[in-house]
Number of protein chains: 2
Amino acid sequence: MIDLRHLRTIHALRDTDSLHDAAERLHLTQSALSHQFRELEERIGMQLFVRKSKPVRFTSAGLKLLQLADQVLPLICGTERDLGKLASGTAGRLHIAIECHSCYQWLMPSVDEFRGAWPEVELDLASGFAFAPLPALERGDLDLVVTSDPVTLPGISYVPLFGYEAVLAVDNHHPLHGKPYLEPGDLASQTLITYPIERHRLDIFTRFLEPADIEPAQVRTSELTVMMMQLVASGRGVCCLPNWALHEYSSRGYVTAKRLGENGLQARLYAAIRSDMLQVPYVSDFLLTAKDISFATLEGVNVVSGLAI
Amino acid sequence: MIDLRHLRTIHALRDTDSLHDAAERLHLTQSALSHQFRELEERIGMQLFVRKSKPVRFTSAGLKLLQLADQVLPLICGTERDLGKLASGTAGRLHIAIECHSCYQWLMPSVDEFRGAWPEVELDLASGFAFAPLPALERGDLDLVVTSDPVTLPGISYVPLFGYEAVLAVDNHHPLHGKPYLEPGDLASQTLITYPIERHRLDIFTRFLEPADIEPAQVRTSELTVMMMQLVASGRGVCCLPNWALHEYSSRGYVTAKRLGENGLQARLYAAIRSDMLQVPYVSDFLLTAKDISFATLEGVNVVSGLAI
DNA sequence: CGGCCTTCATGAGACAAACTCATTTTTTTT
DNA sequence: AAAAAAAATGAGTTTGTCTCATGAAGGCCG
């Protein structure tokens, strides 16, 4: 019944105050608009504006339609602009969510650099404990999710960012201090502190403890890394973190890092994005930047990690 | 470029998960939708959804369009419904503003009765000190304004509601008490309390004092009628009010009402509405109700007004 | 693994909607 | 009151949108 054409017309009519001028602005003839209005008015069964008056006066129905136009037309225009930008690849949106708090540490430099290189791109960063990021990525509410858990989903691609080693933080005078590396059984008597997420998303369980069928003496959770570190340092538990996240604490001698298993618990972070975004220039650029920067940031970590092997 | 048709189509596609079913829901053929998408994708230069997949997966561009559809389509539907209701006259909107606080007194019963008779009509009442109500009425933000000052405007009609007499409230032991009616000069020595609006909208000035070129000794303002009454009762000033607004105070002997001029200061309240709304059934019904009720409410007032003539 | 079934794409043609042109009617201006 | 401007109307044409018929591509299942 109502069409965008009608909204554009009535909007132009308010601005120009005459059918003739409105037609000109819309690159149409006065006749076209006259027909258009007559037909629409027939359909809704009411007049939309008062003819015999200058300036034009709208009826209640016309005003209602105008209010609609004022709401809708900007939305349409905005989306058309956004699509244009998306197609040209010069600008767009990059809403990022990260699954783990510690990721801020290496992500922030990438984000800063990216902001400079692509000022047109609307960049947003959200920490993802509050909601499920992957469905949001599928829905289009998010554009990039940093995760260590690449579950296969149609239309979602995972770009490897960098590998890291998950290590165990223990206090400096811990009994396990002497061992070159820890075995699952060593944790049977320990309190394990984790982020408050499901077990199947924690490598320490899925890839270390569960294969050996070991359960820690106690499991407690904390949302904040610093809080975890306090607990560990005071001997109230141990916790498993990426080596680069632990580095700032272990390198200062606040806690000690211990390798998990003979070869260490190697893991990998991925950027999850909708597959079609891979082609978008600013996205691929961001991924390159992120890889570069994470590499530069973490290079030192692996050497000076304080990892007591 | 983008058309409502496209929004409806992509919206249906998400719900049905296949072009064929989406076409059915839209009472079109699968071919039509296929053509439609191909053409739109050509225009924006990107794919909108991934063909070879079930359920359908939208690209970033498609998701953007979907978000637009979710915003726009409800607005369109809503307006179409509203227009339908407006045309049939069975339901609609009646946003009322009143220019003076005291009007609540007689308006509320009308509003209550109206609510019962026209439950479908979205009724809203706003006190109008905060903004200029007549431009809002012209714009369509308001539908009815109660005013005592019918300035001629194209497209705005004034429906007389009822006449009233503006009288002066004075304290019970006031020196002017003895006079059968007051003359302008009597106010030269008085403190006049008014609502905080421009003088040219106050009858006491435009129709009583200014013609005689008299200025009160002092003018002070108050927003609330009860506050005015307190000031008057304690002898700190006099104030001019409609007789029906003063009635509840004067009839209890709290203050005394005095006629202004030999024949009294007669005034009239009007309902201002956009002319085309006069035809709408619920509007004319409201006007009749308001007239009836105000008449019934005020009838007693004029008799038992305590007006000391 | 090949045939079948479903889904989507494509081209040609039909139909309708929307526009233009020419003209008349109405309104505004001077 | 006449002239000018604006809007309405009717006929005709263009454009766009749909359908029909058909072809191509995936996915399912014996």
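Just so we're on the same page: letters track the sequence lines, and every chain starts at 1.
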Ionic contact status for Asp70(B) with Arg14(B), cut-off 4.0 Å: yes
Test side-chain contact (heavy atoms from CB on, under 4.5 Å) applied to Thr9(B) and Leu19(B), Asp3(B), Leu26(B), the passing residue: Leu26(B)
Sugar-phosphate, base or nothing in reach of Ser18(A), heavy atoms under 4.0 Å: sugar-phosphate
d(CD, Glu42(A); P, dA17(C)) in whole Å: 12 Å
Of His27(A) and Val56(B), the one whose closest DNA chain C nucleotide lies more 5': Val56(B)
Whole-Å gap separating P (dT15(D)) and CG (Asp3(B)): 18 Å
Assigned partner base of dT30(C), Watson-Crick or wobble definition, under 3.5 Å: dA1(D)
Of the listed nucleotides dT9(D), dA9(C), dC19(C), the one nearest the side chain of Ser34(B): dA9(C)
Spacing of Leu33(A) atom CG relative to dA18(C) atom P, expressed in whole Å: 13 Å
5′-ward residue of the pair Arg43(B)/Gln30(A) relative to DNA chain D: Gln30(A)
Thr29(A) side-chain proximity, nearest of dT9(D), dC20(D), dC21(C): dC21(C)
Atom-to-atom span, CD of Glu39(A) to P of dA16(C) - whole angstrom: 14 Å
Asp15(A) atom CG, over 12 foreign heavy atoms within 6.0 Å: yes
Sugar-phosphate, base or nothing in reach of Leu28(A), heavy atoms under 4.0 Å: sugar-phosphate
Nearest-nucleotide pick for Arg5(B), side chain only, options being dA8(D), dT20(C), dT17(D): dT17(D)
Heavy atoms of other groups near Glu198(B) CD, more than 12 under 6.0 Å: yes
OP1 or OP2 of dT17(D) under 4.0 Å from side-chain N/O of Gln36(B): no
N or O in side chain of Arg51(A) less than 4.0 angstrom from dA8(D) OP1/OP2: yes
Donor/acceptor link under 3.5 angstrom from His35(B) side chain onto base of dG16(D): no
Nearest-nucleotide pick for Ser31(A), side chain only, options being dA9(C), dA22(C), dT10(C): dA22(C)
His20(B) over dT7(C), stacked by centroid distance under 5.5 Å, angle under 30°: no
Nearest to side-chain heavy atoms of Leu19(B), which nucleotide of dT17(D), dA8(D), dA9(C): dA9(C)
